[in-house]
Q: 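Have a look at the structure that comes next, please.
Letters go in sequence order (proteins before strands), and every chain restarts at 1.
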Amino acid sequence: MLKRTHTCGALNATKAGETVILNGWVDVRRDHGGLIFIDLRDRYGITQVVFEPDAGEPLMEAARELRSEFVIGVQGTVSRRLEGKTNPKLATGEIEVRATKLEVFNRCPTPPFEISATTSAEPNEELRLSYRFLDLRRPSMQSILLLRHRLAQLMRNTMSSLDFVEVETPMLGRSTPEGARDFLVPSRVHPSHFYALPQSPQLYKQILMVAGYDRYFQIARCFRDEDLRANRQPEFTQLDLEMSFVEFEDVLATMENLVQAIAKEFTGEALQLPLPRLEYHDSMERFGNDRPDLRYGMELKDLADLAAKTDFQVFKSALESNNRVRGLCAPGAAEKYSRKDLDALTESIKLFGAKGLVWLKVEAETLTGPTAKFFTPEIQAELRARFDAKTGDLILIVADTQSVSSQSLSTLRIRLASELKLYDPKAFHYSWIIKFPLLAWDAEENRWVAEHHPFTMPLPEDLHLLDTDPGKVRAQAYDLVINGEEAAGGTIRIHDSAIQSKVFSLLGLTSEQAEEKFGFLLSALKFGAPPHGGMAFGFDRLVMLYAGLDNIRECIAFPKTAKGADLMTGAPGTVDLRQLRELHIRTTEQ
RNA sequence: GAGGAUGUAGCUCAAUUGGUUAGAGCACCGGCCUGUCACGCCGGAGGUUGCGGGUUCGAGCCCCGUCAUCCUCGCCA
């Protein structure tokens with residue numbers, strides 16, 4: 001076998017005259033009859049190999065047989081290219097390898113799509129996923145997986161240097177009631193009993209704190225059996241971590257070191273610490289969601305006072321039902337959005353239950369639009385002032401419930417910012433969102449549910465509200481938001497049994513039920529649990545952000561489709577009846 | 001569970017109002033070519049228009065069903 005002495009990205013003019021062997025795939029063949037060029041590709045690069053008649057007819061004959069994606073070994077002499085014949089597009093473009101020997105390791109049928117980077121049209125994703133082994137051979141995919149590897153390495157190194165210990169936790173665990181739907185694994189040995197794949201290593205990492213591993217981390221696979229989205233897969237990866245003997249500020253400060261290292265590595269930016277912070281309540285008011293993209297402004301404004309002064313029935317009835325009247329001002333959008341575009345915007349928020357969208361174009365003298373007549377000159381002036389609106393701007397107003405107006409306006413804000421190019425798509429903005437609510441009221445179940453999980457520590461100054469006004473209690477929870485994406489999130493945990501019981505009772509759990517559901521953790525917490533807290537970074541999402549991707553499948557080697565299928569392997573598939581019998585399982589199909 | 005989009009040659013796409021034999025570029029195959037690097041030139045082959053049914057003199061196009069993929073809501077931290 002012709003074993004490589006160099007990779008296809010390694011040769012340059014300093015190696016001229018050396019005899020080398022390259023291994024790789026034929027990227028493209030250019031057959032000039034008397035002279036044959038081969039671009040040879042591996043994951044390091046592309047090197048041009050030239051077959052010349054001097055090398056003998058048998059070699060030329062063999063070279064003529066070569067086709068795209070043949071796997072070969074080539075021996076030859078590194079040779080400086082002739083004056084004016086260099087290729088500045090290739091890192092190896094100064095040289096070429098003049099072939100003296102050729103070994104074809106494997107031939108390849110015409111591939112279903114082209115691997116070469118010179119191809120402009122992207123094959124459709126279904127095909128790419130079916131032939132993932134070819135898709136991943138494409139240089140663009142290889143650079144993504146390499147970036148992913150670099151991020152994992154950086155995280156491991158940084159965490160280790162901060163004295164975190166990597167510990168693996170089980171994939172086969174126990175189903176717990178809170179959170180997402182579990183993937184279940186039947187037990188052969190225990191009929192009718194099931195393991196659950198971890199939604200996250202949450203409980204194990206708290207137990208590791210009790211065990212004295214005061215700084216733990218893991219690049220952990222997590223599983224959630226919920227419907228998929230462009231940025232959601234049934235299995236995904238987190239950088240999971242937990243720290244002991246810390247408070248809120250300690251976790252944030254420690255993690256900012258990691259964030260700073262990541263930013264430096266992937267954007268070259270020297271992040272100023274501490275990172276900016278925004279309270280949940282302010283974020284909801286100013287941006288309508290808890291993960292605002294702060295690369296641009298276009299903040300939401302409350303307009304209740306102005307709405308009250310109009311005779312506009314839509315506003316009046318909204319205020320009477322204690323709903324919100326809020327809006328935003330899109331700079332320079334009045335011209336760019338036709339009546340049809342505005343109808344499309346209106347349509348887009350009906351998805352969230354919005355009944356309509358009030359739009360006003362800011363002109364030199366007045367505001368115009370179908371509902372402008374409800375706004376007196378005085379109110380128009382106040383509206384302008386509130387948004388600091390300029391001629392040519394577009395004011396959009398939604399009158400609806402807190403939830404509907406927030407969802408509608410935050411979605412409009414994101415869409416308009418993108419369409420109006422209000423930010424540099426290559427820029428990065430990092431911020432913490434803090435002081436999340438501890439609990440949310442579940443109207444269906446008629447009880448409080450934990451926003452994060454039942455072990456989240458309330459803010460000390462809000463503890464007294466647990467008895468009087470639980471909905472107002474804020475948590476020691478924090479999210480890291482990068483460019484409008486939730487990149488990480490975490491909490492300080494409760495290590496005080498009195499507070500824990502109080503939270504359980506608010507959640508409607510008796511101590512017996514809590515014991516039954518979380519007994520092993522409660523037991524561990526009793527045996528000397530240190531104060532602790534931690535967080536988890538969405539690893540795939542970080543790769544997406546730094547690779548500039550808008551789809552999570554692009555940064556996962558073997559992802560699932562929207563219905564959770566693996567088009568390459570055919571998973572999920574059927575199994576033999578015998579396997580089912582061993583597992584004590586009978587399906588409804590049988 | 002729901003809504004929307006897409007499905008035509010190996011790939012990326014086109015095909016007027018339902019009307020002749022469904023086209024193009026790339027890839028592929030054959031021939032020619034000693035400096036290409038998106039090589040070039042000449043020639044060729046390649047189609048169950050996702051699948052099933054219906055309407056019609058006639059369906060890639062209209063209708064019904066179904067499958068797959070994508071996006072979104074619900075769901076999910």
Q: Within the structure shown, what part of the strands sits under 4.0 Å from A/L567 by heavy-atom distance: base, sugar-phosphate, or nothing?
A: sugar-phosphate
Q: For a quick check of understanding: with a heavy-atom distance under 4.0 Å over all strands, which category does A/L127 fall into, base, sugar-phosphate or nothing?
A: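 Counting heavy atoms under 4.0 Å across all strands, the contact made by A/L127 is with sugar-phosphate only.
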Q: Whole-Å distance between B/C33 C1' and A/L35 CG?
A: 10 Å
Q: Would you call A/E279-A/R286 a salt bridge at under 4.0 Å N-O?
A: no
Q: Across the strands shown, which category fits A/R29 at heavy-atom distances under 4.0 angstrom: base, sugar-phosphate, nothing?
A: nothing
Q: Stacking between A/F113 and the base of B/C11 (centre distance under 5.5 Å, interplanar angle under 30°)?
A: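 Per 5.5 Å and 30° rule: no stacking.
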Q: Salt-bridge test for A/D227 and A/R232: reply yes if a basic N is under 4.0 Å from a carboxylate O, no otherwise.
A: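 Salt bridge absent between A/D227 and A/R232.
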Q: Please report the distance, rounded to the nearest Å, between CZ in A/R81 and P in B/C37.
A: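 Spelled out: CZ on A/R81 to P on B/C37 is 11 Å.
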Q: Between B/U34 and A/E52, counting only base atoms on the nucleotide and side-chain atoms on the residue, is there a donor-acceptor pair under 3.5 Å?
A: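 Counting by modelled atom types and ignoring angles, no donor-acceptor contact under 3.5 Å is found here.
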Q: Once you round it to whole Å, what is the distance between P of B/C71 and CD1 of A/I552?
A: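 For the pair A/I552 CD1 and B/C71 P, the rounded distance is 11 Å.
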Q: In Å, rounded to the nearest 0.5 Å, how long is the span from CG of A/L480 to CG of A/L275?
A: 6.5 Å
Q: Please determine whether a side-chain nitrogen of the Lys or Arg among A/E486 and A/R291 lies less than 4.0 Å from a carboxylate oxygen of the Asp or Glu.
A: no
Q: When all nucleic acid strands are considered with a 4.0 Å heavy-atom cut-off, which category describes A/D479: base, sugar-phosphate, or nothing?
A: nothing
Q: Round to a whole Å and report the spacing from CD1 of A/I115 to P of B/A27.
A: 14 Å
Q: What does nucleotides 72-77 of chain B look like as a protein-contact string, B for base, S for sugar-phosphate only, - for none, at under 4.0 angstrom between heavy atoms?
A: SBBBBB
Q: Under 4.0 Å, heavy atoms only, any strand: does A/D225 hit a base, just the sugar-phosphate, or nothing?
A: nothing
Q: Would you indicate what A/Q48 reaches in the nucleic acid, counting non-hydrogen atoms under 4.0 angstrom: base, sugar-phosphate, or nothing?
A: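 Since a base atom lies under 4.0 Å of A/Q48, the category is base.
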Q: Could you tell me whether A/T411 contacts a base, only the sugar-phosphate backbone, or nothing, with contacts defined as non-hydrogen atoms closer than 4.0 Å?
A: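 A/T411: no heavy atom of the nucleic acid under 4.0 Å.
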Q: Would you mind checking if A/E242 and A/R493 are paired as a salt bridge, meaning a charged N to carboxylate O distance below 4.0 Å?
A: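 A/E242 and A/R493: salt-bridged.
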Q: Just by distance, no angles: are the side chains of A/R67 and A/T110 close enough, under 3.5 Å, to form a donor-acceptor pair?
A: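 Not at all, the side chains of A/R67 and A/T110 share no donor-acceptor pair under 3.5 Å.
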Q: Does the side-chain ring of A/H32 lie flat on the base of B/U36, meaning centres under 5.5 Å and planes less than 30 degrees apart?
A: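 Not stacked: fails the 5.5 Å / 30° test.
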Q: Between the base of B/G35 and the side chain of A/E96, is one N or O donor paired with an acceptor at under 3.5 angstrom?
A: yes
Q: Are the ring centres of A/Y216 and A/Y204 closer than 6.0 Å?
A: no
Q: Quick one: do A/D400 and A/R326 make a salt bridge, cutoff under 4.0 Å?
A: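 Result for this pair is no, no salt bridge flagged.
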Q: Go through RNA chain B and write down every stem, that is, every run of at least three consecutive Watson-Crick or G-U wobble pairs with distances under 3.5 Å, as range with range.
A: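 Detected stem regions: B:1-7 with B:67-73, B:10-13 with B:23-26, B:28-32 with B:40-44, B:50-54 with B:62-66.
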Q: Donor-acceptor pair, A/E226 side chain versus A/R181 backbone, under 3.5 Å?
A: yes
Q: Both A/A565 and A/R30 contact RNA chain B. Which one's nearest nucleotide lies toward the 5' end?
A: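 Whichever sits nearer the 5' end wins; that is A/R30.
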